[in-house]
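Read the structure below first, then the notes.
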Amino acid sequence: MSRLSQAQSAALLLLPFLATYALFLVYPFFRGVWISLHDWNLLEVAFNPDAKEFVGARNYVRVMWGRGIEWSAWARPGLQLFALAGLVLAAILHATRRIGRGPAIGLAAAALLLFVVAGIHAGEEGRWYDRRFWPTVGNTILFVALTVPGVTISALVLAAAMNRETRAMSVLRTLFFLSQVLSVTVVTLIWQIMFSPRQGLVANITELTGGSPVNWLTDERFAMAAIVIPTIWWSLGIAMILFLAGLQDISRDLYEAGALDHATGAKAFWYITLPNLKRTITVVIVLQIILHFQVFGQSHLMTQGGPNDETQVLVRYIYQTAFRDSELGRASAMAVFLFLIIGAFSVVQFLVGREKD
């Protein structure tokens with residue numbers, strides 16, 4: 001029997017993985033897209049497979065549009081100012097040669113798209129077909145905007161502080177990583193007790209400082225923070241380990257050379273550590289974006305999406321639409337939309353973080 005070529009051997013070894021990937025990821029994705037094009041009642045189709053009806057893009061229109069929809073330059077001033085700041089930032093980063101032309105165009109395009117999308121709103125006589133969808137998307141983006149920087153910065157600071165080969169540092173690394181091994185149910189139970197207005201640690205600290213305890217989980221002002229803080233605490237472990245690996249991969253010679261030019265302390269961190277952690281930072285941010293856009297347990301178990309939908313997130317809304325309301329077609333349309341959001345954010349982050357050859 002003749003020997004297999006290198007390409008054939010590689011294909012043979014990859015075949016089990018590719019088959020599994022196609023069966024459990026690729027096929028379900030396209031199946032979900034197919035379901036999103038149908039009026040698909042979960043219970044009816046379970047008993048009668050012919051009960052579904054092809055409706056094309058109607059589910060997408062029903063979810064994302066309405067009647068009397070208009071656009072204005074300052075429909076949502078906060079988001080649109082943030083988008084304009086993104087345009088300015090892209091120009092500054094490109095002008096100072098911090099990023100290349102491609103990443104700058106990608107960041108500017110994302111900022112411009114956000115500016116345009118944020119300006120779409122229902123006019124005086126108009127209304128959205130699904131009043132809860134866009135506020136839920138906004139809640140999810142706000143959650144990601146708070147948790148991703150929180151996890152990234154906190155994990156980077158902890159990793160830099162514990163980048164020493166001592167027994168005490170090894171113990172501290174283990175302690176900080178322990179939260180990562182807990183399930184979301186355990187994490188939410190711990191923090192529900194922490195936020196309890198009667199017996200919680202937060203309430204006790206508030207009383208000691210002369211304040212009045214607040215029920216974080218039912219107060220509209222604090223409900224989002226009540227799921228963001230546990231998420232940051234829970235997600236630190238993996239990000240910290242990745243940063244530690246990146247820090248230990250930086251040659252000590254660079255710091256010694258920098259010390260000759262008086263680049264020590266904060267200067268060394270800014271001009272040596274951060275540039276050499278660029279790829280690690282990109283990986284951490286992309287992983288956190290993908291993970292936190294899929295937030296479900298914290299909202300579902302701690303606040304049940306309340307109060308008044310202040311903590312309702314997209315995955316929980318998809319879950320309720322599919323399994324409570326039995327509208328699988330509409331839920332699948334929202335799931336496809338979520339996939340596109342995650343993909344867009346990931347592509348932009350990779351473009352911005354891409355290094356020059």
Side-chain angles (χ1 to χ4, degrees), residues 36 57-83 86 110-111 113-150 215-231 289 291-325 327 329-345:
S36 73
R58 193 172 74 185
N59 284 321
Y60 293 91
V61 173
R62 183 182 172 191
V63 166
M64 302 176 195
W65 207 246
R67 64 170 184 265
I69 304 302
E70 300 176 354
W71 186 89
S72 67
W74 300 111
R76 294 178 180 85
L79 272 178
Q80 289 175 294
L81 283 173
F82 179 75
L113 180 63
L114 177 60
F115 179 80
V116 172
V117 171
I120 300 172
H121 63 101
E124 293 183 3
E125 302 298 326
R127 63 178 292 272
W128 295 102
Y129 294 138
D130 187 340
R131 296 174 183 269
R132 299 177 66 194
F133 177 73
W134 287 112
T136 298
V137 172
N139 290 342
T140 308
I141 293 175
L142 175 61
F143 176 84
V144 173
L146 294 172
T147 53
V148 171
N215 193 337
W216 285 57
L217 301 179
T218 58
D219 192 311
E220 292 185 14
R221 297 170 299 171
F222 301 102
M224 182 60 75
I227 67 172
V228 167
I229 293 170
T231 302
I289 286 174
L291 178 67
H292 292 145
F293 260 115
Q294 300 176 70
V295 59
F296 173 77
Q298 299 91 307
S299 172
H300 189 64
L301 297 173
M302 292 185 72
T303 61
Q304 292 76 52
N308 296 324
D309 272 357
E310 287 295 318
T311 58
Q312 179 72 295
V313 289
L314 195 49
V315 172
R316 186 173 187 272
Y317 191 39
I318 292 170
Y319 164 81
Q320 288 181 324
T321 303
F323 299 107
R324 185 193 65 185
D325 303 334
E327 296 187 44
R330 190 158 67 96
S332 296
M334 288 189 278
V336 172
F337 177 81
L338 176 60
F339 169 81
L340 294 175
I341 287 182
I342 294 174
F345 272 96

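Checking side-chain atoms of Ser299 against main-chain N and O of Thr311 turns up a donor-acceptor pair under 3.5 Å. Between the side chain of Arg316 and the backbone N or O of Gln298, no donor-acceptor pair lies under 3.5 Å. Looking only at distances, a side-chain donor or acceptor of Gln80 sits under 3.5 Å from a matching main-chain atom of Ala75. For the pair Asp130 (side chain) and Arg132 (backbone), a donor-acceptor distance under 3.5 Å is present.
Here the straight-line distance linking atom OG1 of Thr218 with atom CG of Asn308 works out to 11.0 Å at 0.5 Å rounding. Rounded to the nearest 0.5 Å, atoms OG1 (Thr147) and CD1 (Ile229) are 12.0 Å apart. Considering OG1 of Thr303 and CG of Asp219, their distance stands at 12.5 Å, rounded to 0.5 Å. Distance check: His300 NE2 to Gln320 CD gives 8.0 Å after rounding to the nearest 0.5 Å. Here the straight-line distance linking atom CG of Leu79 with atom CG of Leu142 works out to 9.5 Å at 0.5 Å rounding. Here the straight-line distance linking atom CG of Leu81 with atom CH2 of Trp74 works out to 4.5 Å at 0.5 Å rounding.
Contact record, Val117 with Arg76: O-NH1, 4.4 Å, taken as the closest heavy-atom pair. Contact detail for Gly86 and Ala111: the closest heavy-atom pair is C-CB, 3.9 Å. Closest heavy-atom contact between Ala333 and Met64: O-CE, 4.5 Å. Nearest approach of Ile227 to Phe143, heavy atoms of both residues: O-CE1, 3.8 Å. Between Ser36 and Asn59, the shortest heavy-atom distance links the atoms O-ND2, 2.9 Å.
When each of Val63, Val137, Ile318 is paired with Phe337, the side-chain contact (heavy atoms from CB on, under 4.5 Å) condition holds for Val137 and for no other.
A 4.5 Å side-chain heavy-atom check between Ile120 and Trp134 finds every atom pair outside the cut-off. Side chains of Arg67 and Tyr129 form a contact here, defined as non-hydrogen atoms less than 4.5 Å apart. Contact annotation: the side chain of His121 approaches that of Ser72 to within less than 4.5 Å [non-hydrogen atoms, C-beta and beyond]. Counting heavy atoms from C-beta on, the side chains of Asn139 and Tyr317 never come closer than 4.5 Å. Side-chain contact between Val116 and Trp71 is present, with at least one heavy-atom pair separated by less than 4.5 Å. You'll find the side chain of Thr140 reaches within 4.5 Å of the side chain of Phe293, heavy atoms only.
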Practice item. Take Ile69 and Trp128 through the side chain to side chain contact (heavy atoms under 4.5 Å, CB included) test and state the conclusion after the steps. Key: CA-CA 8 Å; Ile69 304 302; Trp128 295 102; 3.9 Å; yes

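Relative orientation of the Trp216 and Phe222 rings is tilted, given thresholds of 30° and 60° on the angle between their planes. Aromatic ring orientation, Phe323 versus Tyr319: tilted (interplanar angle from 30° to 60°).
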